[in-house]
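For reference, the structure is listed below as structure tokens.
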2 protein chains.
Amino acid sequence: MSGTKEHIVLIASRLFLQKSYKEVTMKELVDKTGMSKGAFYHYFKSKEQVFLESLEFFHEELTRDFSKYSQNSLKKFYIDYLGDTIRLTRHYFKHFENEFNERDITINHFSLVFDALRLFPEYRRKIEEVFKIELKFWVQIIKTARSNGEIKTPLSDVKTGEMFIYLSDGIGINMIMQGVALEDMVKQLKNQWDALYEQIKT
Amino acid sequence: MSGTKEHIVLIASRLFLQKSYKEVTMKELVDKTGMSKGAFYHYFKSKEQVFLESLEFFHEELTRDFSKYSQNSLKKFYIDYLGDTIRLTRHYFKHFENEFNERDITINHFSLVFDALRLFPEYRRKIEEVFKIELKFWVQIIKTARSNGEIKTPLSDVKTGEMFIYLSDGIGINMIMQGVALEDMVKQLKNQWDALYEQIKT
DNA sequence: ATATTTAAACCGACTGCCCGGTATGTTAAA
DNA sequence: TTTAACATACCGGGCAGTCGGTTTAAATAT
């Protein structure tokens with residue numbers, strides 16, 4: 001964590017979350033990390049590699065462990081999900097503690113993903129994989145909730161799970177476009193998930 | 001439409017929908033439009049201006065006239081919406097008839113919007129305005145459908161309307177990330193809206 | 001303990017290329 | 001004859017990446 005390379009990846013990940021790949025220059029990367037160009041290229045062979053490792057770091061930092069969420073109640077599951085969203089984001093921003101707080105900058109992980117897709121088309125498989133894993137957990141808890149008697153809906157488990165995910169992404173992108181802070185985004189997401197839950201609960 | 005400037009804006013809009021602002025170079029713009037640099041700068045004073053006019057063109061081409069959609073039935077309203085999505089996209093691609101068809105390229109309007117926000121922060125107001133207008137129409141038809149007896153839900157009109165919109169954006173961004181073609185995106189959206197409708201109908 | 005060797009860590013000037021933009025025209029049409 | 005429409009060579013600056021070097025520190029030898 002305190003290694004030079006890790007330091008670079010951390011700063012770089014933040015920049016790539018704020019701006020497009022091309023907008024982030026090596027000069028800026030060098031300046032913001034406080035390194036020299038020579039030192040920089042001692043650790044990374046190209047800008048592309050810095051981006052790739054930043055992308056991997058981003059995934060490591062923000063990947064969820066769904067198995068820690070409630071496995072008995074759908075409501076509890078999505079409440080855990082919301083709490084985890086805050087936790088994960090806070091944890092990421094903690095690295096920049098003294099520099100700024102999460103309200104000051106817009107982090108746009110969709111923009112990062114778009115750049116990644118343009119640079120590495122095979123990255124699409126990673127995205128699909130992540131989606132499938134998340135969907136699997138939603139379907140699982142929905143199935144359980146249905147047999148529990150917690151919910152009752154004519155919709156299939158998959159379609160219900162997809163609905164929770166799509167709502168989340170739809171709100172995510174709208175909040176980013178409107179420059180809404182994390183807490184408010186999570187609140188809005190809770191509102192919508194509560195509404196959906198209200199519709200399908202027994 | 002057949003004017004030189006319109007031709008440039010058309011080609012440029014396509015490029016800005018495919019790549020980030022910085023990735024699109026003046027050289028490429030000049031080559032793809034078949035013009036010379038001098039001619040190009042005769043019509044536009046800067047790259048930024050080309051982008052701005054492409055953005056405006058994009059809005060003109062893809063702005064919906066909700067007042068043409070059904071005003072009696074929510075179901076008909078969203079079916080009209082889906083049909084209009086196909087119609088608008090087809091109309092846009094018709095400009096490039098002989099060059100390629102819509103399946104071959106990824107059109108990412110979110111990426112365009114992110115670039116626009118970075119270049120012109122005040123563009124956020126335009127986005128919010130567009131969102132508000134769309135929401136207004138959703139709320140209107142939902143209100144009507146409720147008094148019609150078409151639907152019955154404890155959810156507020158606004159929350160229900162937002163849910164339709166967020167679902168649409170969530171599916172949109174997921175289909176873009178997964179490289180899904182327009183028709184399949186619309187099908188998936190219909191699936192989800194049908195599911196939501198199933199939940200709230202009387 | 002101290003001297004010597006070795007290699008990793010780091011530095012900043014430099015390179016060549018491509019960027020957006022311009023200057024100076026020529027052609028075509030009103 | 002005037003002006004809009006187009007063409008081309010060119011420019012300064014910033015880009016990613018390189019290169020020859022120095023410093024630092026750990027490993028090894030004395």
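Chain naming here is simple, since letters A, B, ... match the order of the sequence lines and numbering starts at 1 in each.
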| salt_bridge(B/R90, B/E183) N-O dist < 4.0 Å | yes

| note | So the ring pair (Phe, Tyr, Trp, His ring centres under 6.0 Å) pairs with at least one residue in residues 166-190 of chain B (sequence neighbours excluded) are none

| task | Under the ring pair (Phe, Tyr, Trp, His ring centres under 6.0 Å) rule, collect the residues that match up with A/F110, sequence neighbours excluded. | result | none

| With sequence neighbours excluded, what pairs up with B/K159 under the side-chain contact (heavy atoms from CB on, under 4.5 Å) test? | A/N191, A/Q192, A/A195, B/S156, B/E162

| field | First and last nucleotide of DNA chain D, 5' to 3', lying under 4.0 Å from heavy atoms of chain A | value | D/dC15 to D/dT18

| said: Holding to ring pair (Phe, Tyr, Trp, His ring centres under 6.0 Å), I want the full list of residues that pass it with A/Y197, two or more places apart in sequence or in another chain. | reply: A/Y78

| note | Residue set satisfying side chain to side chain donor-acceptor pair (under 3.5 Å) with B/T89, at least two apart, ordered chain then number -> none

Sequence neighbours excluded and cut-off under 3.5 Å, please list the side-chain donor-acceptor pairs for residues 29-39 of chain B, or say none.
residue : atom : partner : partner atom : Å
B/D31   : OD2  : B/K27   : NZ           : 2.6
B/K32   : NZ   : B/E28   : OE2          : 2.8
B/T33   : OG1  : B/L29   : O            : 2.7
B/T33   : OG1  : B/V30   : O            : 3.1
B/S36   : OG   : B/A39   : N            : 3.2

| task | Applying side-chain contact (heavy atoms from CB on, under 4.5 Å), name anything that partners B/Q18, two or more places apart in sequence or on another chain. | result | B/R14, B/L15, B/I105

| What pairs with B/Y43 under ring pair (Phe, Tyr, Trp, His ring centres under 6.0 Å), at least two apart in sequence or on another chain? | none

Please tabulate, for side-chain N and O atoms in residues 126-137 of chain B, each donor-acceptor pair with protein atoms closer than 3.5 Å (sequence neighbours left out).
residue : atom : partner : partner atom : Å
B/E134  : OE2  : B/Y81   : OH           : 2.7
B/E134  : OE2  : B/W138  : NE1          : 3.1

| Which of residues 39-51 of chain A have a heavy atom under 4.0 Å from DNA chain D? | A/Y41, A/S46, A/K47

| Among residues 15-33 of chain B, which residues get a heavy atom nearer than 4.0 Å to DNA chain D? | none

